[in-house]
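Residue numbers start from 1 in every chain, and the chains themselves are labelled A, B, ... in the order their sequence lines are given, proteins ahead of strands. Since this is a predicted model, take the numbers as computed values, not measurements.
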Amino acid sequence: MSQYEPREIEGRWQRVWADEGTWEVPNPGTGEDRAERPKAYVLEMLPYPSGEPHVGHLKCYAVGDAIAHFRRRNGFEVIHPMGYDSFGLPAENNAIKTGEPPLDATRKSIESFRRQFTDWGISIDWSRELATHEPDYYRWTQWIFLRLFEAGLAYRDRAPVQWCPEDATVLANEQVIDGRCERCGTEVETRNLDQWFFRTTAYAEQLLEDFERLDSWPEHVITMQRNWIGRSEGAEVTFRCEEAGIDFPVFTTRPDTLFGATFFVLAPEHPALEELVEGTPAEEPVREYVNASARASVEERGDEDRPKTGVPLGRSVINPVNEEEIPMFVADYVLMDYGTGAIMAVPAHDERDFAFATEFDLPVRQVIEPDRDSSPEEGELPYTGDGPMINSGRFDGQFNRDAYREIIDWLTEEGRGEAAVNYRLRDWLVSRQRYWGAPIPMVHCESCGIVPVPEADLPVLLPEIEDYAPRGKSPLEAATDWVAVDCPACGGPARRETDTMDTFVDSSWYFLRYLDPGNVEEAFSREIVDHWMPVDQYIGGVEHAILHLLYARFFVKALADDGRLTVREPFANLFTQGMITRDGAKMSKSRGNTVSPAEYVARYGADAARTYVCFMGPPERGGDWTDEGVEGVHRFLARLWRLADDLEVEPAPLGEGLPAQPDGPAREILSKANWAIDKATRDFERDFQFNTVVAAVMELVNECYRLRDELSGDPEGLACLRFATATAASLIQPFAPHLAAEVYEKLAGERVWEQPWPEPDPELLKSDTVTLVVQVNGKVRGRIEVDEAVAEEELLQLARAEENVARHLEGTETVKEVVVPGRLVNLVVRPA
RNA sequence: GCGGCUGUGGCGGAACUGGUAGACGCGCAGGCUUCAGGUGCCUGUGUCCGCAAGGACGUGGAGGUUCGACUCCUCUCAGCCGCACCA
């Protein structure tokens, strides 16, 4: 007896797909008119090639491939490309440790990823493959940098930045988690350095508004981005320091509490500090305080529970609403990063200001009375709720929310403030003092300043060097021949920019390059990109909910404004897959609980591994990997294979030989097959319920086994069995494409991936009789099998006649009869 | 603290717009096949009482709406994730 040999089957079909270039799709205008069909851009986040793929990759690409197959068979022209996010720190850190050049390690890893993706049988259009470290690619990353520079969206600035002492590089705000470096966990320091930024803040408003343009994104991802952008409405109000002659604008969300401001605080990094205290008795203590807070780690400073610290400046500002003089302080609870780096402090109505006032024994003036309805404990400060205003001049007695607008209007009239919107979002710091990244295409000239490299001179090639170790400046500084360059503007001696770009830059536009990967004239043709974009379905991990997805959205908006493409949002639908754990814990090498997909693919086949990750549970949720689980799925696939293998039939089109009026087991199996088609289709379309799609096919296979002996007797029965088995193969194809191809070919003589997705036959979907549940007072007391067309009157009679039901009706009178067609009968009774 | 998500058998999870709770898989038990193990095929499997028929209980907890609630409402508990001195 023969046996299911997945590796043999899989290898054979993979060869067919490779030889025929089955998954390659042409661009519009290339002569082939397949593009008549509606397009679907199915995209999984491109992998960072480091070592070998892990189960997370398997899940991501298995899910994406299932979607791609499903869309293809529903008549879409599916573009499904693959590439590698191949610049980045791990390759470089490996180089520092082992001396192996990042390029070599990266190539090896890409090789391994490519081989496994092929082994898994993912339906990739390999003609579009790209890697972001290749000059053909990063040439255009550099080109986009130049476009952003020209548009004023890329700029260089000295700024306090997050510095990781371990990796010896600057980090983006987004890469600092709890005051620690996202990569190595080292506490981050603050340094003042010249850095390159992208002006993401210019799009803050659009990045928020355009959530409207998205079809379907997980709500929590939108929420996370919304919080990250952190839009607050309020007012900017100017406080003037007469002695120093400086105006200090502050941002406040509570202009209604202006009358309660009793002091004023600057952040330690505030640029006006020095001027304010120079030559005064406060100079020394302030300097000490500023230095101390500069030394303090971000984490220390961020601790909310730490007592408030600060130093008086010996200066004061005038409160514009009441001309009152209030004292100035420097304190590190005020952040230079947010708002204007200066605040008006209203201790009566702000917890932080209250804590500071308590610490420094400053006056607290209440200007809003607690609303008696909402807050029973009156008079307790700080009070952050709403209520009528007091101690607020002509606004006294007004409800604070009503006065809000009036105060802003009044400030505007007086020229002392205006309505303002503030964002938490910062500009994106993109320069890195590291080697393995795309060089920033800029030149520093002594006489011309910063000069962009002319487009014609791109790419600025990453030079080969010996020593990759960072020394607080880019390792590229050592490539002296490369650094020395003639100024593109004046021809004089100049130096190249030695910083490289954050790898998130590379991955912010790769989905555009896939569409036109061979273009040597431009990054991509607008026509082609407009044809394919947006990505119809994007798939990846939630860990990119903020960074990557926000940056890619920013890029598309900036490129659209530059006239390079039409869409304003790159990803119409987003699906975030949950993480697979092992023994309930996140997989990690140090814990020793990693799962090597290659091992399971070798043992059970790619089809089993892929189907398993889709069957574990809803793919957006995580799941715990168990060997028994994979085995179970393997067993199911083997059952399906054996079912087909044992069937002694000649291949023929599916509908052939079926009985015209099926009854008995023929009817049963055909009904089940059509039920499975219907169920699988609906669950596919509804939120990627892949686990229940697989379960439906399992049920169909189980039914085939159950009815197999009865059906094997005559040709019509065999045809039914053949239909049901081939249908099971057809439905499992998005998950187990090799096995499906094998079985379908044997039974139908056709290529399953070329078949349209099956449609259920409505006639076979419904059965003549239905089983109704009969309840008495809401409790199930019996079941009756009835003709579907039976009248309600007769139905109730049948229900009452059911033995067990009748017993429960004894000695009662009926209060109410509920009939739900096709479902149940509920008799509501009470003792007679 | 703010925002979001999740609580269902021994385990992963089903249950579409309120209508048979536990599909499907794992695990476990039994039978057949087999010299035996494994594989394969079949049956059973929420808990408790009962030989059975049947009954009681049951979706984190407490209330409520309803003929009927895993599903809707109110309160509450637990766990996970994100953000967090954001003015």
Looking only at atom [atom1], what distance separates [N] and [M], rounded to whole Å?
| N | M | atom1 | value |
| --- | --- | --- | --- |
| B:G61 | B:C86 | C1' | 37 Å |
| B:U45 | B:G9 | C1' | 10 Å |
| B:U43 | B:U59 | P | 30 Å |
| B:C73 | B:G18 | P | 11 Å |
| B:U71 | B:U8 | P | 14 Å |
| B:A53 | B:A15 | C1' | 29 Å |
| B:G19 | B:C83 | C1' | 42 Å |
| B:U6 | B:A56 | P | 33 Å |

N/O to N/O distances under 3.5 Å, protein versus nucleotides 16-19 of chain B:
unit_1 : atom_1 : unit_2 : atom_2 : d
B:C16  : N4     : A:R823 : NH1    : 3.4
B:C16  : N4     : A:R823 : NH2    : 2.1

Provide, to the nearest angstrom, the distance between the [atom1] atom belonging to [X] and the [atom2] atom belonging to [N].
| X | N | atom1 | atom2 | result |
| --- | --- | --- | --- | --- |
| A:R424 | B:C83 | CZ | P | 8 Å |
| A:D624 | B:U6 | CG | P | 20 Å |
| A:M336 | B:C86 | CE | C1' | 14 Å |
| A:M698 | B:G25 | CE | P | 6 Å |
| A:R254 | B:C86 | CZ | C1' | 15 Å |
| A:H544 | B:C81 | NE2 | C1' | 16 Å |
| A:K816 | B:G68 | NZ | P | 9 Å |
| A:N691 | B:C24 | CG | C1' | 9 Å |

Taking only side-chain N and O atoms of [X], does any of them lie within less than 4.0 angstrom of OP1 or OP2 on [N]?
| X | N | value |
| --- | --- | --- |
| A:N804 | B:G55 | yes |
| A:R642 | B:C41 | yes |
| A:Q225 | B:C83 | no |
| A:T253 | B:C86 | no |
| A:H808 | B:G54 | no |

Distance-only, no hydrogens or angles: does the [X] side chain make a donor-acceptor pair with backbone N or O of [Y] under 3.5 Å?
| X | Y | result |
| --- | --- | --- |
| A:Q775 | A:N777 | no |
| A:T611 | A:A608 | no |
| A:T725 | A:A644 | no |

Calculate, to the nearest 0.5 Å, the distance between atoms [atom1] and [atom2] belonging to [X] and [Y] respectively.
| X | Y | atom1 | atom2 | value |
| --- | --- | --- | --- | --- |
| A:E668 | A:L711 | CD | CG | 8.5 Å |
| A:L824 | A:R783 | CG | CZ | 11.0 Å |
| A:I407 | A:L258 | CD1 | CG | 6.5 Å |

Requested in this report: Would you classify B:G9 as syn or anti? Syn applies when the glycosidic angle is within 90° of 0.
Outcome: syn

Report summary line: Comparing A:E699 with A:R706, nearest RNA chain B nucleotide closer to 5' gives the residue A:E699

Suppose we define a pair by two distances each less than 3.5 Å, Watson-Crick or G-U wobble; what does [N] pair with here?
| N | value |
| --- | --- |
| B:A14 | none |
| B:U34 | none |
| B:U45 | B:G27 |
| B:U6 | B:A78 |
| B:U66 | none |
| B:C83 | B:G1 |
| B:U39 | none |
| B:G58 | none |

Query raised in the report: Can the ring centres of A:F263 and A:F356 be said to be less than 6.0 Å apart?
Result: yes

Query raised in the report: A:Y612 and A:Y600: aromatic ring centres closer than 6.0 Å?
Result: no

Measure from the side chain of [X], starting at C-beta and using heavy atoms only, and say which of [options] lies closest.
| X | options | answer |
| --- | --- | --- |
| A:R621 | B:C24, B:A84, B:G13 | B:G13 |
| A:F615 | B:G7, B:U20, B:G12 | B:G12 |
| A:R306 | B:C67, B:C85, B:C24 | B:C85 |
| A:Y333 | B:G40, B:G25, B:C85 | B:C85 |
| A:Y338 | B:C86, B:G3, B:C24 | B:C86 |

Any base atoms under 4.0 Å from [X], or only sugar-phosphate, or nothing? Heavy atoms, all strands.
| X | result |
| --- | --- |
| A:V828 | sugar-phosphate |
| A:D683 | nothing |
| A:R781 | sugar-phosphate |
| A:V334 | base |
| A:N777 | nothing |
| A:K779 | sugar-phosphate |

Requested in this report: Evaluate the side-chain proximity of A:F735 to A:V633: yes if any heavy-atom separation is below 4.5 Å, no if none is.
Outcome: no

Query raised in the report: Any side-chain heavy atom of A:R226 within less than 4.5 Å of one from A:R231?
Result: no

**Report entry** Criterion side chain to side chain contact (heavy atoms under 4.5 Å, CB included) on A:V346 and A:T252, from CA distance to verdict
**Finding:** CA-CA 10 Å; A:V346 184; A:T252 176; over 6 Å; no

Taking distance alone, no hydrogens or angles, what donor-acceptor pairs closer than 3.5 Å link side-chain atoms of residues 812-821 of chain A to residues at least two apart or in another chain?
unit_1 : atom_1 : unit_2 : atom_2 : d
A:T812 : OG1    : A:L809 : O      : 2.5
A:E813 : OE2    : A:R830 : NE     : 3.0
A:E813 : OE2    : A:R830 : NH2    : 3.4
A:T814 : OG1    : A:R800 : NH2    : 3.0
A:E817 : OE2    : A:R800 : NH2    : 2.8

Requested in this report: Check the side chains of A:N422 and A:S232 for a donor-acceptor pair under 3.5 angstrom, ignoring hydrogens and angles.
Outcome: no

Report task. Scan side-chain atoms only and decide if A:N227 and A:R424 contain a donor-acceptor pair under the 3.5 Å cut-off. Result -> no

Report summary line: Ordered by number, residues from residues 626-639 of chain A within less than 4.0 Å of RNA chain B (heavy atoms) are A:E628, A:G632, A:R635, A:R639

